[in-house]
J.: 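Handing you a structure now.
Labels below follow one simple rule: chain letters A, B, ... track the order of the sequence lines, proteins then strands, and each chain is numbered from 1.
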Protein chains: 2
Amino acid sequence: MSRSNPRVLSTLERAGGFASAQEVYQLMQREGQSIGLTTVYRSLQSLVNDKIVDVLRRDDGEAIYRLCGETHHHHLVCKSCGETVEIEGGAIEKWALNVGKEHGFREVGHTAEIFGLCSKC
Amino acid sequence: MSRSNPRVLSTLERAGGFASAQEVYQLMQREGQSIGLTTVYRSLQSLVNDKIVDVLRRDDGEAIYRLCGETHHHHLVCKSCGETVEIEGGAIEKWALNVGKEHGFREVGHTAEIFGLCSKC
DNA sequence: TATGGAAATGAAAATCATTTTCATTTGTGG
DNA sequence: CCACAAATGAAAATGATTTTCATTTCCATA
Ligand SMILES: [Zn+2]
Ligand SMILES: [Zn+2]
Ligand SMILES: [Zn+2]
Ligand SMILES: [Zn+2]
């Protein structure tokens, strides 16, 4: 597994909000940076593995990436415009842990996303 | 926009839970039903438009469909052996709904999975 | 029943994001 | 400088989904 190219992270920061791999690539192209699309994909993947960025899916299935805080959280995403709210999931953390333990599971983790239509859509 | 082929809906019902377009198509093939992949896609899309089925995305981006109103539940999955327990998610249902409403979202849905190591692993 | 147009169908081609391959370049310790 | 590993990226492969478009099926009406 390769390390992330720092320019990719820098570009994602500059993009603000979510950006797809293709968008990060195009942005770097426009800025005159020389980089391959493959490296952009590899770097983003590496950043996801390191939990430095979050990855979600647009409605059309394209993966979108964004810097995220270190604290564990979940997302409330608008299905239409993609607006995203970070959620501190106190209740769900306990729920997942309890359910896991009730069934004798160890090393219990979870995923959760909430989606809907935001007030503007 | 075309209407949904009733055999597609019937197959999705029979599949139980989520199924991708490709999976529905393959299932129909195996059952000896003659249908085109295009029609499967069109029918599923039409069912989504009519809000008869929900559509989500797998981690790999593939769209998966399921009947709305089918008993909603979540899964507790063993990371090692794959054993799966179906969970009635009372607490999380309310949590997701509340969080969505607090932020002015409509048509709020959610996904949630719990994973860990089962007692045998 | 015949007929004309609308809707449905599906095979094949086109799209498009993402992954894989693999040859080349770059970096680094010895 | 040399050897070797990691990084890079162009090109090809993959795979889901969409589009095209010619053909078939329906259906209302004469
Ligand atoms: Zn919105
Ligand atoms: Zn959580
Ligand atoms: Zn297990
Ligand atoms: Zn639920």
J.: So, is B/Asn5 near the phosphate of C/dT9, with a side-chain N or O under 4.0 Å from OP1 or OP2?
T.: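 Answer yes for this pair, as a side-chain N or O of B/Asn5 is under 4.0 Å from OP1 or OP2.
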J.: Side chains of A/Leu47 and A/Tyr65: does their closest heavy-atom pair fall under 4.5 Å?
T.: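 No, side chains not in contact.
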J.: Would A/Glu86 and A/Arg66 pass as an ion pair if we require N to O under 4.0 Å?
T.: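 The answer is yes: the pair qualifies as a salt bridge.
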J.: Regarding D/dA10, can its base be found pairing with the side chain of A/Thr38 as donor and acceptor, where the two atoms are less than 3.5 Å apart?
T.: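 Result: at least one qualifying N/O pair found.
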J.: Within this structure, what is the CZ-to-P distance between A/Arg42 and C/dT21, rounded to whole angstrom?
T.: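 Value for this atom pair: 12 Å.
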J.: Can you measure B/Leu37 atom CG to C/dA11 atom P for me and round it to whole angstrom units?
T.: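 Result: 9 Å.
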J.: Given C/dT18, is OP1 or OP2 found less than 4.0 Å from the side-chain N or O atoms of A/Tyr41?
T.: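 For C/dT18, OP1 or OP2 has a side-chain N or O of A/Tyr41 closer than 4.0 Å.
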J.: Please tell me if A/Gln45 has a side-chain N or O lying less than 4.0 Å from either OP1 or OP2 of C/dT19.
T.: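 For C/dT19, OP1 or OP2 has a side-chain N or O of A/Gln45 closer than 4.0 Å.
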J.: C/dA11 C1' sits how many Å from B/Tyr25 OH, rounded?
T.: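 Rounded to whole Å, this separation is 10 Å.
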J.: Taking all heavy atoms of B/Val55 and all of B/Ala63, pick out the closest pair and write down the distance.
T.: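 Taking every non-hydrogen atom into account, CG2-CB, 4.0 Å.
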J.: For B/Arg42 and B/Ser46, does a side-chain donor sit closer than 3.5 Å to a side-chain acceptor?
T.: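 The criterion, which ignores hydrogens and geometry beyond distance, is not satisfied for B/Ser46 and B/Arg42.
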J.: What verdict does the side-chain contact (heavy atoms from CB on, under 4.5 Å) test give for A/Glu93 and A/His74, after you've listed the backbone C-alpha separation in whole Å, the side-chain angles of each residue and the deciding distance to 0.1 Å?
T.: CA-CA 10 Å; A/Glu93 312 303 319; A/His74 300 274; 3.1 Å; yes
J.: Could you check how far CG of B/Leu44 sits from P of D/dT18, rounded to whole Å?
T.: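 Distance check: B/Leu44 CG to D/dT18 P gives 10 Å.
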J.: Could you tell me the separation between the CD atom of A/Gln26 and the P atom of C/dT18, rounded to a whole number of Å?
T.: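 So the CD-P distance, A/Gln26 to C/dT18, works out to 12 Å.
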J.: Whole Å only: how far is the CG atom of B/Asp60 from the P atom of C/dT20?
T.: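 Atom CG in B/Asp60 sits about 12 Å away from atom P in C/dT20.
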J.: Mind checking if B/Ser34 touches a base, just sugar-phosphate, or nothing, with heavy atoms under 4.0 Å?
T.: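 Since only primed, P, OP1 and OP2 atoms lie under 4.0 Å of B/Ser34, the category is sugar-phosphate.
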J.: What is the distance from CD1 of A/Ile35 to C1' of D/dG9, rounded to the nearest Å?
T.: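 Rounded to whole Å, this separation is 10 Å.
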J.: Without decimals, in angstroms, what is the distance between B/Arg57 CZ and C/dA17 P?
T.: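 To the nearest whole Å, that distance equals 13 Å.
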J.: Using the side-chain heavy atoms of A/Arg3, tell me which of these nucleotides is nearest: C/dT18, D/dT17, D/dA6.
T.: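 So the nucleotide nearest the side chain must be D/dA6.
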J.: Looking at every strand, decide which applies to A/Glu62 at a 4.0 Å heavy-atom threshold: base, sugar-phosphate, or nothing.
T.: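 Sugar-phosphate contact only - A/Glu62 comes under 4.0 Å of backbone atoms but never of a base.
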